[in-house]
Number of protein chains: 2
Amino acid sequence: MSDSAATSDGLLFLTDEQLRKGIEAMFFAYRGFTADPDRILEGMDYGRAHHRAIHFIHRSPGTTVSNLLAILGVTKQSLNRVLRSLIEDGLVRSDKGREDARERHLFLTEKGLLLERELSDAQRARMRAAYRAAGPQAVQGFRQVLEAMMDPEMRRQYNRLKEGGT
Amino acid sequence: MSDSAATSDGLLFLTDEQLRKGIEAMFFAYRGFTADPDRILEGMDYGRAHHRAIHFIHRSPGTTVSNLLAILGVTKQSLNRVLRSLIEDGLVRSDKGREDARERHLFLTEKGLLLERELSDAQRARMRAAYRAAGPQAVQGFRQVLEAMMDPEMRRQYNRLKEGGT
DNA sequence: CTTGGAATGTCAACAAGGCTGACGTAAATT
DNA sequence: AATTTACGTCAGCCTTGTTGACATTCCAAG
């Protein structure tokens with residue numbers, strides 16, 4: 001079971017094989033991670049891109065379009081396609097900014113909140129099950145490795161999202 | 001720092017907020033995870049789909065197309081498009097099976113091995129850095145949570161890949 | 001030996017969701 | 001007044017996924 005050994009200099013001794021297993025774990029786990037929301041969304045007109053927008057709007061109500069662009073790391077054309085459909089369908093509300101009227105502040109509507117609930121219930125259920133199966137120690141490590149794996153810019157975004165979490 | 005507390009019944013006390021942070025960690029970390037190979041492949045005619053095929057052929061030399069289909073979870077048409085280009089470009093060799101001549105056994109050529117090296121060097125470098133930053137304890141937990149997050153079928157595939165790893 | 005089904009390959013058509021480039025408008029800033 | 005910022009939108013392209021249909025090859029069962 002013990003794969004990675006600490007050496008006397010405090011570093012880790014990591015074989016290619018251990019690293020490859022980590023890489024494959026990411027690959028397979030990410031599939032599970034997205035599976036439930038994907039299932040819920042298929043049939044509705046939406047996909048993963050809509051889910052991501054909904055998630056982060058829920059997370060930071062009133063966020064601006066540019067902020068969302070930075071978090072999602074896509075082009076405005078790409079995001080706009082998604083936002084347009086969500087707004088048309090009444091899941092998202094877009095308010096002109098009062099301080100700066102060029103900005104649009106995004107909120108989930110009642111209807112949007114309902115879908116967000118459904119999606120995140122499914123995703124959190126899986127996350128909760130995984131956490132419980134792995135135990136408290138593991139949860140710590142999981143988050144630490146993931147955070148270390150992010151690009152610095154993404155890590156900043158991650159840590160800015162509601163000072164909850166860690 | 002301590003987020004998740006063990007309760008007296010041995011379960012974990014997990015708030016929605018903690019679970020959401022985990023979800024977001026997966027999202028941002030996966031971006032980092034794919035960033036380096038993506039960068040290498042852009043400009044070449046290949047993409048993430050080619051990388052995945054190369055990775056798993058390298059991992060299980062001589063694997064069949066059906067086996068690869070099961071691992072990657074895509075349609076044969078989709079995989080075939082990728083394989084065709086890799087074979088045409090001389091990165092992958094496809095040998096008619098000797099036992100069962102309907103099957104094709106897939107191998108990386110010299111050229112294919114070179115690209116695999118380049119891609120996996122980059123990806124392993126990031127993984128190694130993340131592991132080292134997080135420490136040995138964390139690595140254990142990371143793998144445990146990811147494994148628990150997989151769909152059972154994917155977990156089987158994951159554990160079958162060369163009994164290395166854990 | 002024939003036949004059914006499995007494994008593979010391929011063609012066509014389509015959709016989601018990325019991308020670039022160009023352009024327009026309103027509002028803030030200088 | 002001129003420039004820059006924030007946003008929206010049109011048009012077109014690419015990758016990678018999908019379904020459906022069909023051909024080939026070959027193992028295995030009847």
Side-chain angles (χ1 to χ4, degrees), chain A residues 27 30-31 34-35 37-57 62-89 92-107, chain B residues 27 30-31 34-35 37-57 62-89 92-107:
Chain A
F27 173 71
Y30 198 77
R31 291 258 290 278
T34 57
D38 282 356
R39 241 188 311 277
I40 292 170
L41 290 169
E42 96 176 357
M44 318 178 74
D45 257 359
Y46 306 134
R48 222 175 271 184
H50 299 82
H51 180 198
R52 291 197 282 261
I54 288 172
H55 175 97
F56 287 108
I57 293 172
T63 188
T64 64
V65 172
S66 345
N67 184 37
L68 208 48
L69 284 177
I71 288 174
L72 296 175
V74 297
T75 59
K76 66 176 175 173
Q77 293 91 330
S78 211
L79 176 58
N80 198 254
R81 181 168 37 199
V82 167
L83 281 183
R84 204 187 318 164
S85 64
L86 291 175
I87 292 170
E88 276 170 11
D89 299 350
V92 167
R93 182 162 48 87
S94 168
D95 288 358
K96 196 172 280 197
R98 296 200 307 173
E99 300 268 304
D100 184 335
R102 291 169 305 178
E103 297 181 336
R104 298 303 135 94
H105 298 278
L106 303 169
F107 302 88
Chain B
F27 173 71
Y30 199 77
R31 292 258 291 274
T34 57
D38 282 358
R39 240 188 312 276
I40 292 170
L41 290 168
E42 95 175 359
M44 319 178 75
D45 256 359
Y46 305 135
R48 222 175 270 185
H50 299 82
H51 179 198
R52 292 197 282 259
I54 288 172
H55 175 97
F56 287 108
I57 293 172
T63 188
T64 63
V65 173
S66 343
N67 185 36
L68 209 48
L69 284 177
I71 289 173
L72 296 176
V74 297
T75 59
K76 66 178 174 172
Q77 293 89 332
S78 208
L79 175 57
N80 198 254
R81 182 168 35 201
V82 166
L83 282 182
R84 204 186 319 163
S85 65
L86 292 174
I87 291 170
E88 275 171 9
D89 298 349
V92 167
R93 182 162 49 85
S94 167
D95 287 0
K96 199 173 278 195
R98 297 200 307 171
E99 300 267 304
D100 184 336
R102 291 166 304 180
E103 297 181 336
R104 300 301 138 93
H105 297 278
L106 304 169
F107 302 87

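Residue numbers begin at 1 in each chain, while the letters A, B, ... track the order of the sequences. Please read all numbers here as calculations on a predicted model, not as lab measurements.
Rounded to whole Å, atom C1' of C/dA26 lies 7 Å from atom NZ of A/Lys96. At whole-Å resolution of the value, CG in B/Asn67 and C1' in C/dA6 are 16 Å apart. For the pair B/Glu99 CD and C/dA6 C1', the interatomic distance rounds to 16 Å; values are reported in whole Å. In this entry the distance linking CG of A/Asn80 with C1' of C/dG17 reads 14 Å, nearest Å. Spacing between atom NZ of B/Lys76 and atom P of C/dC11 amounts to 13 Å, rounded to whole angstrom units. If you measure from atom CZ of B/Arg104 to atom C1' of D/dC27, you get 14 Å, rounded to the nearest angstrom. Distance A/Leu83 CG to C/dA16 C1': 16 Å, rounded to the nearest Å.
Applying the 3.5 Å distance criterion, the base of D/dT5 shares a donor-acceptor pair with the side chain of A/Arg102. Within 3.5 Å, no donor on the side chain of A/Gln77 pairs with an acceptor on the base of C/dG17, nor the reverse.
Using cut-offs of 30° and 60° on the angle between ring planes, the pair B/Tyr46 and B/His50 is tilted.
Considering only the side chain of A/Asp100, C/dA28 comes nearest among D/dC27, C/dT10, C/dA28. The B/Arg48 side chain lies nearest to D/dT16 when the options are D/dG8, D/dT16, C/dG9. Listed candidates were D/dC26, C/dG9, C/dG17. Nearest to the side chain of B/Val65 is C/dG9. Closest to the A/Arg84 side chain, of the nucleotides D/dA21, D/dA6, D/dC10, is D/dC10.
Nearest approach of B/Ile71 to A/Phe27, heavy atoms of both residues: O-CE2, 4.1 Å.
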Give the intermediate values and the outcome of side chain to side chain contact (heavy atoms under 4.5 Å, CB included) for residues B/His105 and B/Thr64. CA-CA 5 Å; B/His105 297 278; B/Thr64 63; 3.8 Å; yes

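Across all strands, B/Arg81 comes closer than 4.0 Å to base atoms (heavy-atom distances).
Checking A/Arg98 against B/Ile87, the closest nucleotide of DNA chain C that is more toward the 5' end is the one next to B/Ile87.
Applying the 4.0 Å criterion to OP1 and OP2 of C/dG17, one finds that A/His50 has a side-chain N or O inside that range. Between D/dG17 and B/Thr75, no contact under 4.0 Å exists linking OP1 or OP2 to a side-chain N or O. Contact check, B/Arg52 against D/dG17: a side-chain N or O comes under 4.0 Å of OP1 or OP2.
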